[in-house]
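Beneath this line is the structure, given in structure tokens, with notes to follow.
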Amino acid sequence: MADPQYKPFPFDEEPRRATPPSRPAPYLEGLNPEQLEAVQSLDGPVLVLAGAGTGKTRVLTTRIAHLLATGKARPSNILSVTFTNKAAREMKERVGHMVGDIVEGMPWMGTFHSIGAKILRRHAELVGLNPSFTILDTDDQIRLIKQLLQAGNIDEKRWPARLFAGYLDGWKNRGLEPERVPAGEAASFANGKGKELYVQYQQRLKVLNAVDFGDLLMENIRLFQNNAEVLAQYQHRFRYMLVDEYQDTNVAQYLWLRLLAQESKNICCVGDDDQSIYGWRGADVDNILRFEQDFPGAKVIRLERNYRSTANILGAASHLIANNKSRLGKTLRTEDEPGEKIKVIETWDSGEEARQIGEEIEQLQRKQHKLSDIAILVRASFQMRQLEDRFVEIAMPYRVIGGPRFYERQEIRDALAYFRVIVSPADGLAFERIVNVPKRGLGDTTMQMLHDYARQNEVPLLEAARVLSSTDDMKPKPRGALRDLIASFDRWSKQLPTIPHTELARIVLDESGYTEMWKNDKSAQAAGRLENLKELVRSMEQFENMQGFLEHVSLVMDTIEGGDVDAVNLMTLHSAKGLEFDTVFLPGWEEGIIPHQRSLDESGRAGLEEERRLAHVGITRAKIRAILSFASRRLTHGMWNTNLPSRFLDEIPEEFIEKIEGEGSYAAQLQSRFDRAEPFTSGYSTPGWQRAQARKGGGFSERGSSRGGPLTIEGEILARSSGPSAEFEIGDRVFHDKFGYGEIMEVEGTKVTVEFDKAGEKKLVASFLKKA
DNA sequence: TGATGCTGCGTTTTT
DNA sequence: CGCAGCATCA
């Protein structure tokens, strides 16, 4: 990722002429031979196997620059797809650095879904949609399925809507039309009604003029398969294709790519089979493993020189991943120093593990290490809890990455539902969501009436409401409320073309009583929700109109970036993919956690291998320092469980490791237990578990030191220590931004113990509390 | 319609 | 244990 300065791009001087080979273009400087080959092999299928930290993004972006510089392609002839919006943004930015404003003329750089949506809108009629179709989110999808289950008299207890949503997702990931769904799978839902429900679901989507995420690709495939001329048009347009993170593609994406690449065959896929960690959501590693069969004559290029990590880190990661059977095989190498050994910390329990990590971080901090260069990567989010508790106690600023996303919050979705109804009155799901939010006395009975009428007369829900509210079939109270609501929507719809959309948004939230509702809410989060609504309206300014904004929102469900506060990063291994940090902590290396028990139970050896890849991803995030740890006892759903060290620890050769016993680890006890019970932890079970120099000296840290600065969680201000902390006495009522209201139980120096009404008893630094 | 209590569940997540 | 989702009751 550490790119040297890019040289100016020669596009302007020689727009259409190939750069003579004798004088390599400046942007090619500094590439190693393999990277250079990957960049320059422009024609024909190419698979770039790019290990962690080998500069794959650089290859991808330089390749685009090269395509443009050599005149092989114009910007609009290049299709480059990524999975996430973040990756797409980064690519755009980096290509922009090389080629300047030309990047703005690259309309086909984006996620699979956004490109799919773009193509679909142009040809919507061909698949039975109106170009203004809406894209449903998971909430809408679940609501729709629930309606179908009710209509079909299916017991929602036995066959939850979520389960069916999972099936649907799985089918669409594999590109399966209802007729193609394997009989067994279709039969396993609701006594054989699976296929029928799938058909009904698709019919309902067409009526609603909506698609779900899976359809963005499925409908594309349908479009291409049934309209040869449309397909030909795109095959011709996309003369060069680039795919990032190819190991994460699912079958539908693969089919889509194959259709488009059939003509030109100029497809370049970049990926790493050793970083495939999304098998459970449909990613098919086989796509990468069989690339050479799919694209005969494909050139395979391996990037094995790592520019990120020290030799010790790389050695550990390489040996670990070498235990996997299904892989194409790469050997990462570096010219870096060995660097520090990987620390493996053994602790007595998970609480001590959290304390140790806290102290290690405090030590690093004393050496001027920036907190934001530190990450703690956990397998599952329940592991975060004890870490967070500890950090709160010692006032260590931290940030949780990848928590609930901004656009997924209740208040945001409600607000969006209002906007959606205004823009597309046929959007029954959006209407249903907010019809009684805030409370208007429009309950189940009313909704049932509306649904019945809408179905019988095949009109949108809003239309049904309009008709029914002017008849005598309804009781006066709901009738009046409904009429008011419809009148409001009519008014807002009229204002849509005349008033700036941000202004309209404010008006809608105000006049609907939505803002009022949260103002009257006394819960701890209400203030935050109002703040989020303001942020939402503010973020709308960057869009031309409401429609544009809604399209963005449905495809770019982004988290709002947390502030630039210096804080430790806490996240799952999955969300760490693609990131790098100077120091990486990997807690919970225990059997059952990593590898996760459920993975083992449900997917056997394949599951184990994916877990191992996850472990490998974790280690390779570290640039200079990795600290693994495991605890013998762990608090899980209120119960103490004993755990054995992860088998992955034993797969890392001793030479890369420095073993450390945490304070208070009962070495002797552990020792004897491991000796008896543990078959695969030889390294840790035998007397070979050496007493390395303990990380003493930092044993007693001066905690609660004035670290200041706001603490953030999920990008929100968690707590602020504003100068000298307020004085508290036992019995004081206090407020904490995360834990809510509570009462002071004990005071010791800067720290207090608080009994929170909701969150229970916590010990924390007083400066994070306000008087209530 | 709201409040309250009970049951069941508990891995990873993007679009 | 803690939470979410649902059912039941007032």
Side-chain angles (χ1 to χ4, degrees), chain A residues 81-88 110-117 135-138 140-142 146 155-157 160-163 166 169 172-173 211-218 245 248-250 252-253 276-283 377-386 401-405 407-408 410 436-447 477-478 481 551-559 571-578 588 592-603 607 610-611 613-615 617-618 634-641 756 758-760:
Chain A
V81 275
T82 58
F83 275 84
T84 64
N85 292 297
K86 191 167 162 241
T111 62
F112 278 101
H113 296 268
S114 68
I115 291 171
I135 300 165
L136 300 189
D137 63 30
T138 332
D140 302 321
Q141 212 186 349
I142 296 290
K146 280 189 177 164
D155 181 10
E156 286 180 71
K157 281 271 125 56
R162 298 206 157 274
L163 182 67
D169 206 44
K172 292 186 177 183
N173 281 159
V211 296
D212 62 22
F213 281 117
D215 283 340
L216 288 174
L217 282 158
M218 285 281 283
E245 306 276 19
D248 289 339
T249 48
N250 60 37
Q253 286 155 340
S276 164
I277 55 175
Y278 285 111
W280 50 273
R281 68 173 197 212
L377 313 181
V378 296
R379 171 67 245 261
S381 39
F382 77 86
Q383 291 175 262
M384 290 186 188
R385 189 175 184 136
Q386 285 193 310
I401 310 280
R405 285 166 298 164
Y407 292 117
E408 270 168 13
Q410 185 193 341
N436 203 29
V437 183
K439 297 273 178 287
R440 299 185 174 95
L442 299 168
D444 285 347
T445 352
T446 313
M447 285 318 289
K477 250 214 223 145
E551 173 84 1
H552 168 85
V553 164
S554 52
L555 290 171
V556 188
M557 299 286 267
D558 257 356
T559 319
M571 70 193 92
T572 64
L573 286 162
H574 283 91
S575 34
K577 196 171 74 145
I593 294 185
I594 186 162
H596 199 279
Q597 193 57 47
R598 268 179 91 146
S599 225
L600 259 28
D601 292 345
E602 284 165 21
S603 317
E610 183 151 314
E611 294 291 308
R613 291 193 288 268
L614 208 42
V617 165
R634 182 170 296 275
L635 196 56
T636 352
H637 2 277
M639 295 222 305
W640 283 101
N641 285 103
F756 288 103
K758 289 266 166 57

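Just so it is clear, the model here is predicted, and its values are computed rather than measured.
Atoms CE (Met384(A)) and C1' (dT13(B)) sit 12 Å apart, rounded to a whole Å. At whole-Å resolution of the value, NE2 in His574(A) and C1' in dT12(B) are 4 Å apart. The interatomic distance linking Glu408(A) (CD) with dT15(B) (P) rounds to 10 Å, in whole Å. Leu136(A) has its CG atom 17 Å from the P atom of dT15(B), to the nearest Å. If you measure from atom OH of Tyr407(A) to atom P of dT14(B), you get 15 Å, rounded to the nearest angstrom. Rounding to whole angstrom units, CD of residue Glu245(A) and P of dT14(B) are separated by 13 Å. Residue Met639(A) contributes atom CE, which lies 14 Å from atom C1' of dG2(C) at whole-angstrom precision. Going from atom CD1 of Ile401(A) over to atom C1' of dT12(B) covers 17 Å, rounded to whole Å.
Looking only at side-chain heavy atoms (C-beta outward), Glu408(A) and Thr138(A) stay at 4.5 Å or farther from each other.
Residue Gly441(A) is in sugar-phosphate contact alone, with no base atom involved, counting any heavy-atom pair closer than 4.0 Å across all strands shown. Among the heavy atoms of the strands lying under 4.0 Å from Ser381(A) are primed sugar atoms or P, OP1, OP2 only; no base atom is included. Looking at heavy-atom distances under 4.0 Å, Leu442(A) makes contact with sugar-phosphate atoms alone, never a base.
Looking at Asp169(A) and Arg281(A), no side-chain N of the basic residue comes within less than 4.0 Å of a carboxylate O on the acidic one, giving no salt bridge. Classification of Lys577(A) and Asp248(A) as a salt-bridged pair holds, one side-chain N sitting under 4.0 Å from a carboxylate O.
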Using a cutoff of under 3.5 Å, can you pull out all pairs of nitrogen or oxygen atoms linking the protein to nucleotides 5-10 of chain C, with atom names and distances?
unit_1: dC6(C); atom_1: O3'; unit_2: Lys157(A); atom_2: NZ; d: 2.9
unit_1: dA7(C); atom_1: OP1; unit_2: Lys157(A); atom_2: NZ; d: 2.7

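Judged by distance alone with a 3.5 Å cut-off, a donor-acceptor contact links the side chain of Arg379(A) to the base of dT12(B).
If you check dG10(B), dT15(B), dT11(B) against the side chain of His637(A), the one that comes closest is dG10(B). In this structure, the nucleotide among dT11(B), dT13(B), dT15(B) sitting nearest to the side chain of Thr572(A) is dT13(B).
Judged by distance alone, the side chain of Ser603(A) and the main-chain N or O of Leu600(A) form no donor-acceptor pair under 3.5 Å. The backbone N or O of Lys439(A) lies less than 3.5 Å from no partner atom in the side chain of Asn436(A), so there is not a single donor-acceptor pair. Side chain of Glu611(A) to main chain of His596(A): a donor-acceptor pair is present (N/O by atom type, distance under 3.5 Å, no hydrogens or angles).
If you check the side chains of Gln141(A) and Asp137(A), you find no donor sitting under 3.5 Å from an acceptor.
The separation of dA4(C) from dT11(B), taken at their P atoms, amounts to 15 Å, rounded to a whole angstrom. Of the C1' atoms belonging to dT14(B) and dC3(C), the separation is 24 Å, rounded to the nearest Å.
When the side-chain nitrogen and oxygen atoms of Lys439(A) are compared with OP1 and OP2 of dT1(B), none of them lie within a distance under 4.0 Å. At the phosphate of dT15(B), OP1 or OP2 sits under 4.0 Å from a side-chain N or O atom of Asn85(A). Close to dT12(B), at under 4.0 Å from its OP1 or OP2, lies no side-chain N or O of Ser599(A). Distances shown here put a side-chain N or O of Arg598(A) below 4.0 Å from the OP1 or OP2 atom of dG10(B).
Aromatic ring centres of Trp280(A) and His574(A): separated by under 6.0 Å.
For Trp280(A) and dT12(B), the ring-to-base geometry satisfies the stacking test (centroid distance below 5.5 Å, interplanar angle below 30°). The aromatic ring of His596(A) sits over the base of dT11(B), with ring centres less than 5.5 Å apart and planes tilted by under 30°.
Comparing Asn436(A) and Glu610(A) by the nucleotide of DNA chain B whose heavy atom lies nearest to each, the residue mapping closer to the 5' end is Asn436(A).
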